[in-house]
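Comments concern the structure below.
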Number of protein chains: 2
Amino acid sequence: MSPRPAVRPGGRSARVRQSVHTAVRELLQERGRDSLTVPLVAARAGVTPSTVYRRWGTLRELLSDVAVERLRPGSPPEDLGSLRADLEDWATSFAQQTASPAGQARLRDTLAGDPDGSNSGRCAAYAAGQIETILSRAAARGEHAPDAEAVLDHVVAPLVYRALFRQEPPDADGYARSLVATVLYRLIPLP
Amino acid sequence: MSPRPAVRPGGRSARVRQSVHTAVRELLQERGRDSLTVPLVAARAGVTPSTVYRRWGTLRELLSDVAVERLRPGSPPEDLGSLRADLEDWATSFAQQTASPAGQARLRDTLAGDPDGSNSGRCAAYAAGQIETILSRAAARGEHAPDAEAVLDHVVAPLVYRALFRQEPPDADGYARSLVATVLYRLIPLP
DNA sequence: CGGCTAACGCAATATCTTTGCTTTAACCGG
DNA sequence: CCGGTTAAAGCAAAGATATTGCGTTAGCCG
């Protein structure tokens with residue numbers, strides 16, 4: 001038997017967490033982020049506001065918690081048979097998500113309610129994990145591949161920077177592909 | 001969001017804006033961000049809370065306004081005589097600023113209270129402006145130089161991404177220099 | 001100098017946040 | 001399976017913050 005964490009993971013706590021998350025997602029969709037309040041979320045979730053305050057502290061932290069949850073990849077990246085195809089597929093999909101208004105909002109919410117950096121760190125770890133899967137497949141095929149840091153720095157970072165700080169260009173796909181081309185054909189460690 | 005379109009730019013409005021900004025900076029220093037509230041800021045600034053609410057909307061938007069103000073470069077980057085020296089100097093200084101806890105907080109505050117993206121856009125424009133100054137100097141010297149987009153994508157973006165999403169590495173300076181080296185010697189448009 | 005009006009001050013009201021205490025129910029050993 | 005223990009939720013009152021209508025002030029402009 002594995003030792004149990006101090007917090008109670010199952011039962012009521014899990015149900016409350018679930019219903020509060022669902023309430024946030026529904027209300028975000030229905031009424032937009034600006035009209036969200038803790039009492040409103042609590043009412044929809046069928047709990048009292050003090051429960052939300054005690055567990056999440058503030059609305060921002062709750063929104064960060066919900067946002068990072070939705071940034072978690074549902075499945076490993078698809079295997080298309082080559083490093084370039086895998087990276088392009090993942091990068092264009094990532095670019096579309098982050099470039100969309102909803103994706104931008106999720107990134108901002110993740111950062112805004114994250115006092116200790118754990119949620120944003122998790123967010124980066126998700127991307128790093130997906131990339132490492134792709135790169136280890138490439139290694140198994142014997143392909144010459146960059147390391148994960150290079151992909152994070154020169155593919156992920158530019159996409160995220162654009163999403164957060166600049167008006168995203170119309171052609172997110174093409175931009176993502178050009179970043180992949182750069183990291184694959186101009187940045188791979190020289191022989 | 002920045003103060004609503006100031007129909008009346010001078011006089012009392014400007015004084016209020018100034019005193020509120022000063023109050024925010026002082027209280028940030030004295031008491032930390034978590035204990036900041038609009039009534040507190042208003043009292044320190046010598047205005048009523050409703051004035052702050054009417055001009056800035058929320059505390060977050062006020063903090064964003066103050067943060068982006070402090071991200072604005074005070075002077076053009078120094079001219080050290082070569083592209084590489086100029087870029088390294090600017091990038092290491094930028095890296096130190098963004099890697100510091102205060103710098104991270106400013107980036108987060110800028111994003112958090114910026115519903116329409118205007119403040120974060122300004123923030124990117126500041127960096128772009130400094131870089132363009134450096135690059136046009138290089139062009140005047142006849143140096144072979146990357147374009148500003150490449151520097152934003154492959155130097156600025158990785159630095160910002162690390163500051164926001166990952167635990168910054170101990171050696172921000174060396175990391176910044178390696179990014180500059182990459183963009184200068186491996187990414188410059190091939191002849 | 002005097003009218004016009006955006007912006008501020010004030011104060012009442014509405015809403016949200018905090019907190020002490022009580023109650024519930026998940027977990028665990030017997 | 002059953003009761004003891006306690007983390008977590010509920011409740012409600014007190015406290016703080018946010019909103020808003022209305023009167024007043026002071027830039028701006030003719």
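Convention: sequence-line order gives letters A, B, ...; per-chain numbering from 1.
For the pair B:R166 and B:Y161, the cation does not sit on the ring face, since its NZ or CZ is not both under 6.0 Å from the ring centre and inside 45° of the axis.
In this structure, a donor-acceptor pair under 3.5 Å is absent between the side chains of B:N119 and B:T110. Between the side chains of A:T22 and A:S19, no donor-acceptor pair is found at a separation under 3.5 Å.
Residues from residues 29-44 of chain B lying near DNA chain D, meaning a heavy-atom separation below 4.0 Å, are B:T37, B:V38, B:P39 in numerical order.
When the side-chain nitrogen and oxygen atoms of A:R55 are compared with OP1 and OP2 of D:dA8, none of them lie within a distance under 4.0 Å. Contact check, A:R17 against D:dA8: no side-chain N or O comes under 4.0 Å of OP1 or OP2.
Whole-Å rounding puts the A:R15 CZ to D:dG10 P distance at 11 Å.
Note on A:R60 versus A:D109: no salt bridge recorded, every NZ/NE/NH1/NH2 to OD/OE distance being 4.0 Å or above. Salt bridge status for B:E69 with B:R25: absent, with no side-chain N to carboxylate O gap under 4.0 Å.
Residues passing the side chain to side chain contact (heavy atoms under 4.5 Å, CB included) test with B:E143 are B:S82, B:L83, B:A138, B:R141, sequence neighbours excluded.
Grouping the Ile, Leu, Val, Met, Phe, Trp and Tyr side chains by contacts below 4.5 angstrom, directly or via other members, places B:L152 apart from B:V68.
When all heavy atoms of A:P77 and A:R137 are compared, the closest pair comes out as O-NH2, 2.8 Å.
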Short heteroatom pairs, N/O only, protein and nucleotides 9-12 of chain C, under 3.5 Å:
residue: C:dG9; atom: OP2; partner: B:T48; partner atom: N; Å: 3.1
residue: C:dG9; atom: OP2; partner: B:T48; partner atom: OG1; Å: 3.3
residue: C:dG9; atom: OP2; partner: B:T51; partner atom: OG1; Å: 2.4
residue: C:dG9; atom: O6; partner: B:R54; partner atom: NH1; Å: 3.3
residue: C:dC10; atom: N4; partner: B:S50; partner atom: OG; Å: 3.0

